[in-house]
Each structure stands twice: as C-alpha cells, then as structure tokens.
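One structure below.
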There are 2 protein chains.
Amino acid sequence: MTEVERTLDNKSVRPTAMRILIYKFMASKNTAVALTDIENAFEKAERTTLYRTLKTFEEKGIVHQIDDGTNISKFALCQPGCNCEIDQDLHLHFHCSHCDKTVCLTEHKIPHINLPHGYIAEDANLVIKGVCDSCSAH
Amino acid sequence: MTEVERTLDNKSVRPTAMRILIYKFMASKNTAVALTDIENAFEKAERTTLYRTLKTFEEKGIVHQIDDGTNISKFALCQPGCNCEIDQDLHLHFHCSHCDKTVCLTEHKIPHINLPHGYIAEDANLVIKGVCDSCSAH
DNA sequence: GAGACCATGCAACAGAAGTGCATTTAATGG
DNA sequence: CCATTAAATGCACTTCTGTTGCATGGTCTC
C-alpha cells in the first residue's frame, strides 16, 4: 500500500486506480485545478467520473472546492491547517488575472467581520485578484 | 427628462425605454439580481438585450457585478460609497442560504490583507454566507 | 463462486454565458 | 424634414460547465 492509497483509505475512500491518478495529479500541482484541467491531463478520463470523484473527495474532506470568481469551480487538496470543515478560520484564495491560476494562501485567514444586526454568518469566501508571484517576477 | 434618465445620461448611457425599465427594476429591489430575475420580471424581455444592457451598465459604472458563490452572476446598482471602480475600499456581500438572496453591505469594507512577497492585489471579493436578517427573524 | 455494492462509462439534459447577423430605433447633419 | 449613420434590440445559434439516469464492469464479502 502506497502513501497515497493509505491517505485515501484513511478518509474512507476506496483507492481505485483512477482516484489515485487524480490525487497524484492534484498533489503535483501547487494551484487549484478545474475539472477540465484534469480532463485535459488524462486523455482517457471521463468527465462524469472526474466530477463524481471530486465530489467524493470533497465530501470526505480530501479536497475543498474553491470559487475564485471565474464561475468555474476549482479544487485543491486540503493541507494541514486548511480547516475547511470548520466554519471558523477559513483561509483565503488568490486568483492571478495574468496566468489565470488560483492558489490557496493557507497561512492567511479571513479576518472576523462584524455583521449588521440579524445577520448570521455560517461561511465566508475571500478571493484576492491580482498578479501572482511568478507573474510579477517576469 | 426624469431622474432615471438623467442618471443614465450622466454616465454616458443612452436612456432607452428598456434601459430605464431595467434600471427602475433594479432600483426597486434591495437585493442583487441575476439576469434570469430580470428576464422573469418582464415577459417581453430578450435575454441578449438584458445581457448586453447589464454589461453596458457595468462598464459605465452604473452597476457592479457580484459573484456570490452560486455560480450565477448577480448585479446591483452602485450606491454612494460603493467605490467599485476604485480598487481600494471594496464592500462585501452577503448571501443568504435560506432565501438565496444576495445583498450589498456597502458600509462593511473588506479589511486590508497582507499578501506574501510577490503577490500584487488588484481586486478583492468577500462573500459571507449565512442567514439574513429577514430570514433569521422568522 | 454468488451476490451485493461501489466505481465507471455513456448518453443526454439544463442553465448560463457569449457571439454573429439582420433589423429596428434613435441621434445628427444637411 | 429627410437622409445618413450609429447604436440598440431581437433572433438564432453555439459553447461550456454542471448534473443526472442508467447500464456495465470491477471489487469485496460471505
């Protein structure tokens, strides 16, 4: 049993060949990936399988879904300190308008916001758009 | 020339009948509206016209587009203090998971975030999800 | 090995976003 | 006031993402 297989198994996800490939692909990237990204990476991939795999991963806390404002759902592996299951302490995401990549800034948490009377916060999403470090270096 | 016509004219948008209707519709709502909302409100409305009208409004700074995480673009009239053209001082949005409405919290600004080295912020989007005041009252 | 359960593949649909082109409407100049 | 021009609208159509239903295949358990 490999490292990846153990990870999936720990999260009660049966480590099939396809799932291991998807997991490894996401682990190899340091950016959030869209379903289409994975589809393009593997010729033999079936959209539906990828779709359901990502859903399963999300339900089991292996990845978290990211809405970066492009209206295309992206996904990233949960890191230690990701805390995406807990409603507090959510990290923010950065979307580069130059290379169109989205990254998790796991260290950077969303500050607490005081809401008007009657409003109850349950979740928060903060996306900063701009130029990422790779793009600003060139 | 009515108040609405003057407003559009000031922003260099020709005040056609359709545009005035759309503007008034949005002004009558205190929530952000999706293209489909407007389409349903006016039987005679053409999707394309609405689509392009909203784009024009956005370009001319009459409305701002809101991405509330539902993957459906919403729009709201810019208010005094909206400042959506300036990159600083952006207000946040609240999406109610109960009534599915999205509102601008114009008074509530997005706090400044320190980004890692090399990252340049140009825009920011903060959406709080939860229960709005109307829904929490019931 | 049989049965059950889960994963995968295939087909199809829904909804939103976006584009091209023809036609109507409104503004402008003579 | 009419003709010209430019902008706005309407219609048809395409693309892309997300989603579901159903049949098939693989895997695990008893």
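Since this is a predicted model, take the numbers as computed values, not measurements.
- The distance from atom CG of Asp9(A) to atom C1' of dA7(C) is 16 Å, rounded to the nearest whole Å.
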Checklist outcome for this item: Whether each nucleotide of nucleotides 4-10 of chain D has a protein heavy atom under 4.0 Å at its base (B), only at its sugar-phosphate (S) or at neither (-) is summarised, 5' to 3', as ---SSBB
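- Tyr51(A) has no side-chain polar atom (N or O) that falls below the 4.0 Å cut-off from OP1 or OP2 of dG18(D).
- Leu126(A) and Ile66(A) are assigned to two separate hydrophobic clusters, defined by single-linkage of ILVMFWY side chains at heavy-atom distances under 4.5 Å.
- Between His93(A) and His64(A), the ring planes are tilted. Angles from 30° to 60° get that label.
- Atom CD of Glu58(A) is separated from atom P of dG18(D) by 12 Å (rounded to the nearest Å).
- Between atom NE2 of residue His95(B) and atom CG of residue Asp123(A) there is a gap of 10.5 Å, rounded to the nearest 0.5 Å.
- Between Ser73(B) and Gln65(B) there is a side-chain heavy-atom pair separated by less than 4.5 Å.
- Neither side chain, His98(B) nor His138(B), offers a donor N or O lying under 3.5 Å from an acceptor on the other.
- For the pair Ile20(A) CD1 and dT27(D) P, the interatomic distance rounds to 11 Å; values are reported in whole Å.
- The separation between Ile66(A) atom CD1 and dG18(D) atom P is 13 Å, rounded to whole Å.
- In this entry the distance linking CD1 of Ile72(B) with P of dT19(D) reads 11 Å, nearest Å.
- Here the C1' atom of nucleotide dA17(C) and the CD atom of Glu39(B) are 12 Å apart, to the nearest Å.
- The hydrophobic cluster around Phe25(A) extends to Val4(A), Leu8(A), Val13(A), Met18(A), Ile20(A), Leu21(A), Ile22(A), Tyr23(A), Met26(A), Val33(A), Leu35(A), Ile38(A), Phe42(A), Leu50(A), Tyr51(A), Leu54(A), Phe57(A), Ile62(A), Val63(A), Phe75(A), Leu77(A), counting ILVMFWY residues whose side-chain heavy atoms fall within less than 4.5 Å of a member.
- The separation between Asp67(B) atom CG and dA17(C) atom P is 11 Å, rounded to whole Å.
- Atoms CZ (Phe42(A)) and C1' (dG9(C)) sit 17 Å apart, rounded to a whole Å.
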